[in-house]
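Structure record follows, encoded as structure tokens.
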There are 2 protein chains.
Amino acid sequence: MIIYLKDELIMEKSPSYETILLQMGCKSTKSRKAIIQLLINAEIPLSAKEIFYFIKESGVSINLSTVYRTLEIMESNGLLDKCMSDDRVRYQLILEGSKHHITCTSCHKSIPLSICPLKTIEKDLVNKTHFDIKGHKLEVYGLCPKCRKKEY
Amino acid sequence: MIIYLKDELIMEKSPSYETILLQMGCKSTKSRKAIIQLLINAEIPLSAKEIFYFIKESGVSINLSTVYRTLEIMESNGLLDKCMSDDRVRYQLILEGSKHHITCTSCHKSIPLSICPLKTIEKDLVNKTHFDIKGHKLEVYGLCPKCRKKEY
DNA sequence: CTGTCTGCAAAACGTTTGCATGGCG
DNA sequence: CGCCATGCAAACGTTTTGCAGACAG
């Protein structure tokens, strides 16, 4: 868990299980708790299968269908980002106030960023494209300090 | 086809089939030509199945396996971006010098952008995260002028 | 107690693969 | 002509679905 206080660039902000469940508007069950908790703690985007196995190996019995169904609810509530990562479909919690990440292409660790470079160009973009801009997504890729060392 | 000359923000740059084939380092066939040409002309990210049907309906006989195999080659050569778009896996040509797009969430039309807002913050990012930044991806979402009107 | 959620098994779907044939260079 | 690419069909992995029983509120 990385926390840089007074740093405007890097940020780690963990929502609570309760908050997320509330936003999902559904009942609290042990499966959902395990899935949400895992996504909160995960530093890398996870596939449905990975989520399933992680939880199973932690001793909580769970079914793959339940994982898919829970992810579906979270996604439709705008809480989860479904993306292609490492050539697989993976899911990552959308942290409030932090839509952007810097991700390691080697270990897939993902650190949320608090900056948003789009703010500077958004108005200009609207003027040129006449789009009604609803949102955006920024992903930065590279090697984290640890993996950098491994590659000498 | 949108072209704004002398505009630093929006850009449309079409590579040729020959250039792409050369970068792929493989034989020229009618299937590959059809796939690459379609991706060059497409204004929206396409799924494998869509590519397959578009080409078939244009009168060129083609097989789904061939589509997948060609997309695989293009992707591994860094010519194609495989992403989740409209909740499906879709492919989009990576235009040289233009890695970013503004995409309509309604009709999925995608316009390449020539600006790169990351340049301004990249150095700062390196200092803070100590990542060896290899690349990045920016996607802007919204409603294009046409779809804006449809929604009154 | 009621409606929602889960587990299970089967189905549906998307993607990959092996092999024989076809076609580019 | 030799090798690479294609078509086909089957295999494979992922995701979805229907249903009966379990459980939260």
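Just so you know, these numbers use all the heavy atoms, side chains as well, and skip hydrogens, waters and symmetry mates. First the proteins, then the strands, lettered A, B, ... as listed; each starts at 1.
Separation of atoms NZ (A:Lys109) and SG (A:Cys107) is listed at 7.0 Å; rounding is to 0.5 Å. Annotation: the span from B:Asn77 atom CG to B:Cys26 atom SG amounts to 8.0 Å, rounded to 0.5 Å.
Between the C1' atom of D:dT16 and the CD atom of A:Glu72 lies a distance of 10 Å, rounded to the nearest Å. What separates CD1 of B:Ile36 from P of D:dA5 is a distance of 12 Å, to the nearest Å. Residue B:Lys33 contributes atom NZ, which lies 18 Å from atom C1' of D:dT6 at whole-angstrom precision.
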Which atoms of nucleotides 20-23 of chain C (N or O only) lie under 3.5 Å from a protein N or O atom, and what are those distances?
from   : atom 1 : to      : atom 2 : distance (Å)
C:dG23 : N2     : B:Lys27 : NZ     : 3.3

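Shown here are the side-chain hydrogen bond (donor to acceptor under 3.5 Å, both in side chains) partners of A:Ser58, two or more places apart in sequence or in another chain: there are none. A search for ring pair (Phe, Tyr, Trp, His ring centres under 6.0 Å) contacts involving B:His136 returns B:His100, not counting sequence neighbours. With sequence neighbours excluded, the residues that form a salt bridge (charged side-chain N to carboxylate O under 4.0 Å, His left out) with A:Lys82 are B:Asp87. For B:Tyr68, the side-chain hydrogen bond (donor to acceptor under 3.5 Å, both in side chains) criterion is met by no residue, not counting sequence neighbours. The side-chain hydrogen bond (donor to acceptor under 3.5 Å, both in side chains) check on B:Ser65 picks up B:Asn63, with sequence neighbours excluded. Legend: residues meeting salt bridge (charged side-chain N to carboxylate O under 4.0 Å, His left out) with B:Arg69, ordered by chain and number and at least two apart, are absent. Annotation: side chain to side chain contact (heavy atoms under 4.5 Å, CB included) contacts of B:Lys30 (sequence neighbours excluded): B:Val60, B:Ser61. Among residues two or more places apart in sequence or in another chain, the side-chain hydrogen bond (donor to acceptor under 3.5 Å, both in side chains) test is passed with A:Thr70 by none.
At most 12 non-hydrogen atoms from other residues, nucleotides or ligands lie less than 6.0 angstrom from OH of A:Tyr53.
A side-chain N or O of A:Gln92 and one of A:Ser110 form a donor-acceptor pair less than 3.5 Å apart.
Of all the residues in residues 50-60 of chain B, not one reaches under 4.0 Å from DNA chain D with any non-hydrogen atom.
Recorded end-axis angle for the helix from C:dC1-D:dG25 to C:dG25-D:dC1 stands at 50°, based on five pairs per end and rounded to 10 degrees.
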How does protein contact run along nucleotides 6-15 of chain C, one letter per nucleotide 5' to 3', with B for base contact, S for sugar-phosphate only, - for none, heavy atoms under 4.0 Å?
-> BBBB----SB
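Looking at B:Arg90 and B:Asp81, no side-chain N of the basic residue comes within less than 4.0 Å of a carboxylate O on the acidic one, giving no salt bridge.
Each of B:Asp87 and B:Cys26 was assigned the nucleotide of DNA chain D with the nearest heavy atom; the assignment lying further toward the 5' end belongs to B:Cys26.
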